[in-house]
Amino acid sequence: MIRRTLEVLAAASVVAFLAGPAQAEENDYPTDARADYVFGCMAANGQTREALEKCSCSLDAMAAILPYDKYVQASTILSMRQGIGQRTTAFKSTKMFDDRVADLRRAQAEAEIRCYRGAS
């Protein structure tokens with residue numbers, strides 16, 4: 001009886017351990033980054049309740065697809081591409097950077113489909 005109880009507890013611990021990190025990864029965007037995204041999105045799409053709902057949905061969908069660290073990397077690359085000079089050229093002509101930005105663009109496109117085009 002005790003052995004069976006220990007086996008069940010061990011199995012439950014493994015399941016909790018494996019399930020825990022996956023849940024945390026889906027919500028790894030800090031609150032200030034979430035607020036910044038939603039404020040910017042609302043500024044671009046109108047300061048309405050509908051815009052708030054769609055912008056929030058968009059961020060949630062994107063966060064489920066793209067981890068926060070990759071979001072930051074891609075955003076930084078896009079920001080660096082705005083300038084002029086040799087450093088900007090490096091950010092514009094490096095395949096690794098293109099891949100990071102492409103991941104962000106795919107996540108944004110999926111979020112748009114889920115939250116803007118799928119909504120009535």
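Nothing fancy with the numbering, it's 1 onward along the sequence. Just so it is clear, the values below take in all heavy atoms, side chains as well, and ignore hydrogens, waters and symmetry mates.
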Practice item. List the atom of Ala111, the atom of Met62, and the distance in Å for their closest heavy-atom pair. Key: CB-N, 4.1 Å
Point to revise | side-chain contact (heavy atoms from CB on, under 4.5 Å) between Arg34 and Asp60, worked out | key: CA-CA 9 Å; Arg34 287 179 172 275; Asp60 289 342; 2.9 Å; yes
**Study point:** side-chain contact (heavy atoms from CB on, under 4.5 Å), paired with Arg114, selected from Glu112, Arg117, Glu110
**Key:** Glu110
**Study point:** For Asp99, all residues meeting side-chain hydrogen bond (donor to acceptor under 3.5 Å, both in side chains), sequence neighbours excluded
**Key:** Lys95
**Study point:** Heavy-atom pair with the smallest gap, counting every atom of Tyr68 and Asp28
**Key:** N-OD2, 3.1 Å
Review point. To the nearest 0.5 Å, what is the distance between CD (Glu50) and CE (Met42)?
Key: 11.0 Å
Check your understanding: Between atom OG of Ser58 and atom NZ of Lys54, what is the distance when rounded to the nearest 0.5 Å?
Key -> 11.0 Å
Point to revise | Joint cluster assignment, Ile65 & Val38, ILVMFWY side-chain distance < 4.5 Å | key: no
Review point. From Gln108 CD over to Leu59 CG, what is the distance, rounded to the nearest 0.5 angstrom?
Key: 10.5 Å
Practice item. Verify, without hydrogens or angle tests, whether Ser56 (side chain) and Leu52 (backbone) share a donor-acceptor contact under 3.5 angstrom. Key: yes
Check your understanding: Side chains of Tyr116 and Cys55: does their closest heavy-atom pair fall under 4.5 Å?
Key -> yes
Practice item. Decide whether Val72 and Tyr29 are clustered together by the hydrophobic rule: side chain heavy atoms of Ile, Leu, Val, Met, Phe, Trp, Tyr closer than 4.5 Å, transitively. Key: yes
Review point. Is there side-chain contact between Asp103 and Arg106, with at least one heavy-atom pair below 4.5 Å?
Key: yes
Study note, to complete from the structure: Shortest non-hydrogen pair, Ala74 vs Arg100, comes out as CB-O, 3.5 Å
Check your understanding: Would you find a donor on one side and an acceptor on the other, under 3.5 Å apart, between the side chain of Asn45 and the backbone of Ala51?
Key -> no
**Study point:** Side-chain heavy-atom pair Leu78, Arg105 within 4.5 angstrom cut-off
**Key:** yes
